Amino acid sequence: MDDFIIVGAGPPGSRFAYQAATAGYDVTLLEKGEVGKPLACSGHVSTDIWEYLPADAKDDLFQNQISGARFHVGGPDSTAYPFYKSETISHVIDRVGLDKRLARRAAAAGADLRDEHTVVDVDEQSDRVVVTATTPDGSKTTLTSRMVAGCDGPTSRVRQSVGLTAPAEQLHGVLAFSEEPDAGDRVDVHLTAPTFFAWRIPRGDAGVEYGLAAPPGAEVPQLFDELTTAYDVDPSRRCSGTIPIGPPDSVTTDRVFLLGDAAAQTKPFTGGGILYSMTAADIAASTIDPTAPSSLDRYETQWRDELATEIRLGSLIRRCYSLPEPVQRVGLRALDGEIGVHMDRPSSFFSRAQLRQLFS
Ligand SMILES: Cc1cc2nc3c(=O)[nH]c(=O)nc-3n(C[C@H](O)[C@H](O)[C@H](O)COP(=O)(O)OP(=O)(O)OC[C@H]3O[C@@H](n4cnc5c(N)ncnc54)[C@H](O)[C@@H]3O)c2cc1C
């Protein structure tokens with residue numbers, strides 16, 4: 001019997017697998033398809049990302065550096081309100097490559113990585129968890145472990161199987177790419193989508209990404225078409241995904257715990273979840289003992305201690321996306337300019353130093 005079966009080889013799944021295998025636990029990491037595919041993410045992250053990777057990873061994964069954002073209440077021709085730092089705030093990276101790199105690292109540390117294994121059932125028993133997975137040839141595999149980590153994304157099968165509550169909200173995000181190189185250091189954010197936004201991200205030699213997220217509905221594709229028409233581009237490689245917002249009250253049972261999008265460990269004001277999910281994975285690795293189910297309480301408490309305030313403040317920032325346009329304009333005009341904010345920590349926006357800078 002394994003110590004841990006981890007379902008899903010996205011960033012938190014592979015990060016937790018790496019940490020648990022390094023600590024000497026027996027770990028199986030199941031991934032339903034090819035690691036990293038299909039793409040459904042911008043890969044726009046704070047520079048903290050490199051702390052989770054070997055030193056040479058940046059050579060393969062880095063695409064562009066960003067030092068600020070231009071906010072628009074309307075489309076590309078509307079007034080731009082710049083928010084920036086004099087230094088780099090974030091990096092745009094190859095997201096497929098990131099997942100592959102993290103999964104390879106977990107396997108090298110001793111995790112048994114099995115791709116093309118789709119988990120279809122999780123049966124939690126008093127002393128073990130029985131996991132059933134299928135492979136593309138139709139065969140079924142049954143595995144047992146002391147604990148299971150559900151790292152299988154926003155629509156988590158693990159979460160459903162053990163009866164944990166879904167996130168409060170699921171947004172629908174779409175992305176597409178045009179090929180002209182753009183090494184600009186500003187992203188454009190358009191407050192033109194209900195309760196969220198549309199964006200343009202320069203990805204260096206990898207081209208330009210256009211995206212939009214909003215509550216699900218027929219409007220999303222239409223608003224996305226309006227965005228690309230306004231930019232006068234016809235981007236290709238369109239893809240889409242779900243952004244979960246609002247963690248449920250519990251992400252643990254007796255022997256199962258959720259990490260990443262399955263637990264809605266995301267930033268409500270950007271939808272970003274790569275860094276939060278790996279932060280939570282490290283907390284899980286340092287708190288959970290597979291022979292002691294009660295240790296899951298420590299994980300539940302500590303990840304919330306680390307992230308719940310940031311998530312709550314992130315929700316407050318997101319509310320501004322729904323203010324009436326004239327109010328948004330006044331607010332953006334009052335606040336734009338140089339900022340001292342960390343993109344993963346909304347609390348830095350409300351810090352004394354930042355408020356002094358804004359109102360001086
Ligand atoms: C349009 C869009 C843009 C985004 N942009 C950013 C961004 O710029 N920066 C950022 O930080 N975040 C961004 N995110 C969010 C980010 O993608 C997620 O927060 C992050 O991927 C969370 O990782 P995860 O492993 O929890 O989930 P996922 O990345 O969804 O990974 C889940 C993994 O589990 C596997 N899986 C699912 N079901 C099963 C099963 N039954 N059996 C086995 N394996 C299974 C999947 O194949 C996948 O590999 C974006 C999301 C969207 C939708």
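All values derive from a computational prediction rather than experimental measurement. The first residue in the sequence is number 1, and the count goes up from there. First listed ligand is number 1; within each ligand, the first listed atom is number 1.
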For [X], take its heavy atoms, then give the atoms of ligand 1 lying under 4.0 Å from any of them.
X    : value
R95  : 16 (C), 17 (O), 20 (C), 21 (O), 29 (O)
S42  : 3 (C), 4 (C), 5 (N), 6 (C), 8 (O)
T118 : 41 (N), 42 (N)
G241 : 53 (C)
G271 : 14 (N), 15 (C)
P12  : 23 (O), 24 (P), 25 (O), 26 (O)
G272 : 10 (C), 11 (O), 12 (N), 13 (C)
C151 : 25 (O), 32 (C), 33 (C), 34 (O)

Say whether [X], considering both its backbone and side-chain N or O atoms, lies within less than 3.5 Å of an N or O atom on ligand 1.
X    : value
E31  : yes
S277 : no
K37  : no
V119 : yes
G273 : yes
C41  : no

Would you mind checking which non-hydrogen protein atom is closest to [atom], with the distance to 0.1 Å?
atom                    : value
atom 19 (O) of ligand 1 : D261 OD1, 2.7 Å
atom 31 (O) of ligand 1 : G10 CA, 3.9 Å
atom 52 (C) of ligand 1 : A40 O, 3.1 Å
atom 44 (N) of ligand 1 : K32 N, 3.1 Å
atom 34 (O) of ligand 1 : G8 CA, 3.2 Å
atom 28 (P) of ligand 1 : G153 CA, 4.2 Å
atom 8 (O) of ligand 1  : H44 N, 2.9 Å
atom 37 (C) of ligand 1 : D152 O, 3.4 Å

Derivation of the side chain to side chain contact (heavy atoms under 4.5 Å, CB included) call for Y25 and D289 | CA-CA 10 Å; Y25 290 119; D289 172 353; 4.3 Å; yes
Can you hop from I49 to F16 via hydrophobic side chains spaced under 4.5 Å?
-> no
When hydrophobic residues are tied together by side-chain contacts of less than 4.5 Å, even through go-betweens, does I89 share a cluster with Y84?
->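 I89 and Y84: separate clusters.
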Check the pair Q302, T287 against side-chain hydrogen bond (donor to acceptor under 3.5 Å, both in side chains), reporting the backbone distance first and the verdict last.
-> CA-CA 8 Å; Q302 286 194 22; T287 51; 5.5 Å; no
Please step through side-chain hydrogen bond (donor to acceptor under 3.5 Å, both in side chains) for the pair E306 and T279, ending with a clear verdict.
-> CA-CA 8 Å; E306 182 71 26; T279 302; 5.9 Å; no
Determine, step by step, whether W50 and H91 satisfy the side-chain hydrogen bond (donor to acceptor under 3.5 Å, both in side chains) criterion, reporting the C-alpha distance in whole Å, the side-chain angles of both residues, the deciding distance to 0.1 Å, and the verdict.
-> CA-CA 10 Å; W50 307 115; H91 285 163; 2.9 Å; yes
Evaluate whether atom CD of E179 has more than 12 neighbouring non-hydrogen atoms of other residues, nucleotides or ligands under 6.0 angstrom away.
-> no
Which part of V35 is near ligand 1, with near meaning a heavy atom under 4.0 Å away: side chain, backbone, both or neither?
-> neither
Taking C-beta and beyond as the side chain, do [X] and [Y] meet within less than 4.5 Å on heavy atoms?
X   : Y    : answer
L53 : L61  : yes
E34 : K100 : yes
H44 : E209 : no

Can you find a non-hydrogen atom of [X] under 4.0 Å from ligand 1?
X    : value
A213 : no
P154 : yes
G13  : no
G211 : no

Before giving the answer on side-chain hydrogen bond (donor to acceptor under 3.5 Å, both in side chains), spell out for R105 and S14 the whole-Å C-alpha distance, their side-chain angles and the decisive distance to 0.1 Å.
-> CA-CA 8 Å; R105 197 178 194 209; S14 291; over 6 Å; no
For the pair R101 and D56, find out whether any cationic side-chain nitrogen is under 4.0 Å from an anionic carboxylate oxygen.
-> yes
Would you call R238 and D225 a salt bridge, taking side-chain N to carboxylate O under 4.0 Å as the test?
->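 Looking at D225 together with R238, the answer is yes, because their closest N to O distance falls below 4.0 Å.
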Between A262 and D152, the two heavy atoms sitting closest are CB-OD1, 4.1 Å
Examine the side chains of Q63 and D94 and answer whether a donor and an acceptor come within less than 3.5 Å of each other.
->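 Short answer, no.
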Output, in order, the C-alpha distance, side-chain angles, deciding distance and verdict of side chain to side chain contact (heavy atoms under 4.5 Å, CB included) for V208 and Y231.
-> CA-CA 11 Å; V208 176; Y231 270 106; over 6 Å; no
